[in-house]
Amino acid sequence: MPLTIYNTLTRSARPFAPADPKRITFYTCGLTVYDDGHIGNFRSFLAADLLRRWLESPLCELVNDPAGSPRRVVHVMNITDVGHMTDDDSADGGGEDKMAAGGRRIAEAKKSGKLPPGVEIDPTDPRAVAEFFTGRFLRDARDMGLKVAIEQATNPLVMPRATDHVPGMIVSIERLISRGHAYVVGSPGSRVVYFDVRSLASYGALSGNTLDRLREGEGGRVRAENQAGKRHPSDFLLWKEDRTHLMKWPSPWGEGYPGWHIECTAMAVRCTHPEAASLDLRTFTVPDGLPIFDIHSGGEDNIFPHHECEIAQSCAAFNALPEGAPLARLWFHPRFLLINGEKMSKSKGNFATVRQLIDQGHEAAAIRLELIKTHYRSNANFTDQGLKDSARLVERWRRMLDAADQARAHSPEAGDQAARDRCRAEFAAAMNDDLNIAGAIAALNRWANEVREPLPGDGVLLRELDAVLGLFDRPRAHGQETDIGVFAPGVEPDPRVIDLLLARREARARKDFASSDRIRDELAAMGYAIKDVAGGRVEVRRA
RNA sequence: GGCCGCGUGCCCGAGUGGACUAAGGGGGCGGAUUGCAAAUCCGUUGCUCGAAAGAGCGUCGUCGGUUCGAAUCCGACCGCGGCCUCCA
């Protein structure tokens, strides 16, 4: 059965048929780099990565391309390094610039000594702030196995930065004006360019927020006092002239900054196109209202207004027939991640970043599995218990892989090929069914439970499935070696703990188990779990 | 007010009309291992009766409906989450 995916645009799951299965184009709305990416951001990026890896797997079958044939996904994920306003509701852009907010965070970290050593950064320079968080994001993304971030090292085009595409945004806006979809208000010194939502009857098709349904007063976006010269309350900002702004660029409408939807229009069109480098946005036109690329993804909160506005802009600017085009064939929106059953929010203080988890000693592979193992269209819940479960699963599969590799030297046996074929088929069937990852993992475990002695052929299958799951290649932190044993990643070898462990070793040597058990209880009370291993040594972890 | 997603066993989570009425994981229980633990491996895990094979009853938010048959389809209701400001 070929791959079926739920499409936000059609509100239904249909077989996915890219224009060219040998070159599938995929654009993901990435991170605004004014802070570290949190696990919610990564859940959505990893869902996109899982889709991309599945499309590239030989096991994946498409309605217009059989399984087993090589396939390439051109996956582009942008980096928003322009500081859009924290309050987008007022028509002329209010609130604080996000890069300024990011700079403030850096300044605070500097003051409290939390900034990593060796980092010299000017918190008032928005470009430096963006650069700082971009570097951290790329590192986290690669640790998490985001293929697009790994590719970025050799092909920067797959992760374009908004500040590098301002000319493309300006060209896009010019085309919107000349095609009658945008207009300029105000006089030099305070000009604003708006998109004219009434010029496109299909506005609202993605989100269901058609113009008649966008009621005044529910949010604040459509509010009379914020209109500032708009022709319709839902018209949105494309360019704002503002010479005092933190980040500004010259344009035909004066020095200022772009609206927050237009960057994706410019980057998506350019970067997914085969002739990206030479593509001239001035003349680029998509015939007959066809989609410009195959897949567009982003968190569910992006559906409105961001993706709705992006469709409107892109189709109005580049499609011969703007009304009939959905910009992308497939709109893929992973749901939000809850943490311990609650929505993450800064006020509750329950934010977790990938970097924090890794620094605490959690394995990258376990974090990745925990974030991908719930179906992308459910609200997943991130918990400590879940993270433990995932870590254990990863360990189990790794042990199996190691055993299979060990068997390579002395076992010419093929093993149970029929069982492997069944696993492969069940895994594929689950993934083809709207990325049923839990079903796919169950298929893997059912098979793994049957394999008593892993053989080389089993290792081949494990690697084949892991090309999709993306777990084996994640970096593994190593614990710190000491005389008494090894301290797990994230656990500092406290001298007090070492003294207790030495005392316990002596007690055990004397067979004074009452004392040794008392010490173990004492360590447990301090939050340490210990495990005895060969040679009188121990492994120390957080309890 | 509009649009959308969801509600499964102790917990997490598959299953979208029929092989006993729920995959897989966790937890629990039993065993191997260990001085004891931890980790790992094996078995087991709705209830009642039975030593056992087995038999009976029950379960998928609630209430109705469709059907020979429903966790699965339809309707109503209850509850949770998201969007309609910024957020992945």
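The figures here come from the full heavy-atom set of this structure, side chains too, leaving out hydrogens, waters and symmetry mates. Numbers restart at 1 for each chain; the letters A, B, ... are given by sequence-line order, proteins then strands.
- Using cut-offs of 30° and 60° on the angle between ring planes, the pair His245(A) and Tyr257(A) is parallel.
- For A37(B), there is no paired nucleotide, since no Watson-Crick or G-U wobble pair has both relevant distances below 3.5 Å.
- Using P as the reference atom, A38(B) and G28(B) are 10 Å apart when rounded to the nearest Å.
- Using atom C1' as the reference point in both G27(B) and C12(B), the two lie 10 Å apart (nearest Å).
- Look at the P atom in both A76(B) and U72(B): the space between them is 16 Å, to the nearest Å.
- Asp517(A) comes within 4.0 angstrom of a base, heavy atoms only.
- If you check G1(B) for Watson-Crick or wobble pairing at under 3.5 angstrom, you find it paired to C84(B).
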Just do the side-chain contact (heavy atoms from CB on, under 4.5 Å) check on Tyr376(A) and Asp434(A) with the steps written out, would you? CA-CA 9 Å; Tyr376(A) 72 93; Asp434(A) 199 21; 2.5 Å; yes

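- The base of C36(B) is paired with the side chain of Arg520(A) by a donor and an acceptor separated by under 3.5 Å.
- Contacts of Gly298(A) with the nucleic acid, taken as non-hydrogen atoms under 4.0 Å apart, involve only primed sugar atoms and P, OP1 or OP2.
- If you take atom P in U45(B) and the same atom in G24(B), they sit 12 Å apart, rounded to whole Å.
- Closest approach to the Thr374(A) side chain among C36(B), G13(B), C86(B) is made by G13(B) (side chain taken as heavy atoms from C-beta onward).
- For Ser516(A), whose side chain is taken as the heavy atoms from C-beta onward, the closest listed nucleotide among A14(B), G35(B), A88(B) is G35(B).
- No contact: Leu444(A) has no heavy atom under 4.0 Å from any strand.
- The residue Asn302(A) sits close only to the backbone: its heavy atoms come under 4.0 Å of sugar-phosphate atoms, none of a base.
- C20(B) makes up no base pair with any nucleotide shown, lacking Watson-Crick or G-U wobble contacts both under 3.5 Å.
- Comparing the same atom, C1', in G69(B) and in G17(B) gives a spacing of 8 Å after rounding to whole Å.
- No contact: Arg510(A) has no heavy atom under 4.0 Å from any strand.
- Figure legend. U67(B) is base-paired to no nucleotide; pairs are counted as Watson-Crick or G-U wobble with both atom distances under 3.5 Å.
- The partner of G30(B) is C42(B), by the rule that a Watson-Crick or G-U pair needs both atom distances under 3.5 Å.
- When the C1' atom is used for both G25(B) and U8(B), the distance is 15 Å, rounded to whole Å.
- Taking atom P on both A23(B) and G18(B), the two are 16 Å apart, rounded to the nearest angstrom.
- Using a 30° and 60° split on the angle between ring planes, Phe351(A) and His38(A) fall in the perpendicular class, above 60°.
- At least one cation-pi condition fails for Arg541(A) and Tyr528(A): the charged atom is not both under 6.0 angstrom from the six-membered ring centre and inside a 45 degree cone around its axis.
- Residues Leu461(A) and Trp447(A) are in side-chain contact: their nearest non-hydrogen atoms beyond the backbone lie under 4.5 Å apart.
- With both pairing distances under 3.5 Å, G79(B) is matched to C6(B) as a Watson-Crick or G-U wobble pair.
- As judged by a 4.0 angstrom heavy-atom cut-off over every strand, His333(A) is placed among residues making no nucleic acid contact.
- The Arg504(A) side chain lies nearest to G35(B) when the options are G35(B), G81(B), G15(B).
- Comparing G15(B), G24(B), A88(B) against the side chain of Asn449(A) picks out G24(B) as the nearest.
- Within the 3.5 Å criterion, the main-chain N or O of His232(A) finds a donor-acceptor partner in the side chain of Asp235(A).
- With a 3.5 Å ceiling on both atom-pair distances, G58(B) lacks any Watson-Crick or G-U wobble partner.
- To the nearest whole angstrom, the two P atoms, one in C47(B) and one in C10(B), are 10 Å apart.
- The side chain of Arg392(A) approaches G26(B) more closely than any other nucleotide in the set G15(B), C41(B), G26(B).
- Minimum atom distance to the side chain of Ser44(A) is reached by A88(B), of the listed C83(B), A88(B), C36(B).
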